[in-house]
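In this text the structure is predicted, and so the values were computed from the model without any measurement.
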Amino acid sequence: MIAGLLLANAAQAQQDRGEPADSADACVTTLGEVRALKPEDDVPVDLYRFKSPVQPEPNAFNRAWHEPPSLQEVGMRGGYLMMGINYGIAKTAQGLHTLTRAPDPIQSAIARPPPGLDAAQQRRALQFCDPQQGCAVPTGD
């Protein structure tokens with residue numbers, strides 16, 4: 001950082017000595033568009049599509065790390081103040097849920113076993129089965 005300041009001061013001192021600034025600008029040439037091309041396709045390479053060959057294992061940081069929201073997301077969520085309020089409310093609700101040991105709001109479904117039909121019930125079911133609909137014949141296991 002100090003070296004940068006020294007270089008900036010040296011450049012400022014050269015301009016202050018009376019050198020015309022226009023002569024420096026007249027020598028500068030600019031290049032046209034620079035594009036990276038694949039040699040076999042002549043198609044522009046997307047330099048930002050690099051995929052890392054290293055895939056790290058999931059660890060404790062994956063659970064705790066959340067990408068910061070973009071400015072568009074912040075605006076859509078009502079700003080930083082509303083996001084902070086909502087975060088506080090969510091953490092308070094999570095703490096109360098832990099303290100009260102209440103069941104989770106979304107619980108996994110438990111499937112009931114299929115009904116066990118006896119022979120009489122199977123015959124009655126076959127009476128109501130339409131043969132044109134392709135009703136399957138229940139097996140008597």
Side-chain angles (χ1 to χ4, degrees), residues 1-17 19-141:
M1 189 160 156
I2 294 173
L5 289 173
L6 291 175
L7 289 173
N9 286 337
Q12 183 68 28
Q14 287 178 356
Q15 282 187 347
D16 291 342
R17 278 191 269 147
E19 293 180 4
D22 294 334
S23 66
D25 291 337
C27 312
V28 176
T29 59
T30 58
L31 295 174
E33 179 183 2
V34 177
R35 293 174 27 183
L37 298 176
K38 287 184 182 177
E40 67 275 358
D41 296 339
D42 291 335
V43 177
V45 176
D46 187 3
L47 300 176
Y48 298 102
R49 292 194 69 130
F50 172 74
K51 300 227 183 321
S52 176
V54 178
Q55 296 295 329
E57 294 290 326
N59 56 27
F61 294 110
N62 292 350
R63 289 189 304 267
W65 173 254
H66 301 288
E67 285 290 324
S70 68
L71 292 177
Q72 179 183 5
E73 291 173 335
V74 170
M76 292 177 76
R77 292 182 189 174
Y80 287 113
L81 182 63
M82 283 304 298
M83 287 174 60
I85 291 171
N86 290 338
Y87 180 78
I89 291 171
K91 285 298 180 181
T92 303
Q94 183 181 4
L96 285 174
H97 178 73
T98 303
L99 284 175
T100 59
R101 295 182 182 169
D104 290 332
I106 299 175
Q107 299 176 6
S108 60
I110 300 172
R112 64 179 187 180
L117 300 178
D118 59 4
Q121 291 173 333
Q122 288 179 0
R123 279 193 305 275
R124 195 172 79 195
L126 284 175
Q127 289 175 354
F128 294 108
C129 182
D130 187 13
Q132 294 177 352
Q133 296 289 331
C135 184
V137 179
T139 60
D141 289 336

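More than 12 heavy-atom neighbours from other residues, nucleotides or ligands sit within 6.0 angstrom of CG on Leu99.
For residues 72-93, every residue pair satisfying the side-chain hydrogen bond (donor to acceptor under 3.5 Å, both in side chains) rule, not counting sequence neighbours, is listed here: Lys91-Gln94. Sorted by first and then second residue, the side-chain hydrogen bond (donor to acceptor under 3.5 Å, both in side chains) pairs involving residues 101-115 (not counting sequence neighbours) are His97-Asp104.
Nearest heavy-atom pair, Gly116 versus Gln121, reported as atom, atom and distance to 0.1 Å: O-OE1, 3.8 Å.
Note that the CD atom of Gln122 and the CZ atom of Arg124 stand 12.0 Å from one another [nearest 0.5 Å]. One finds the CZ atom of Arg123 at 8.0 Å from the CG atom of Asp118 (value rounded to the nearest 0.5 Å).
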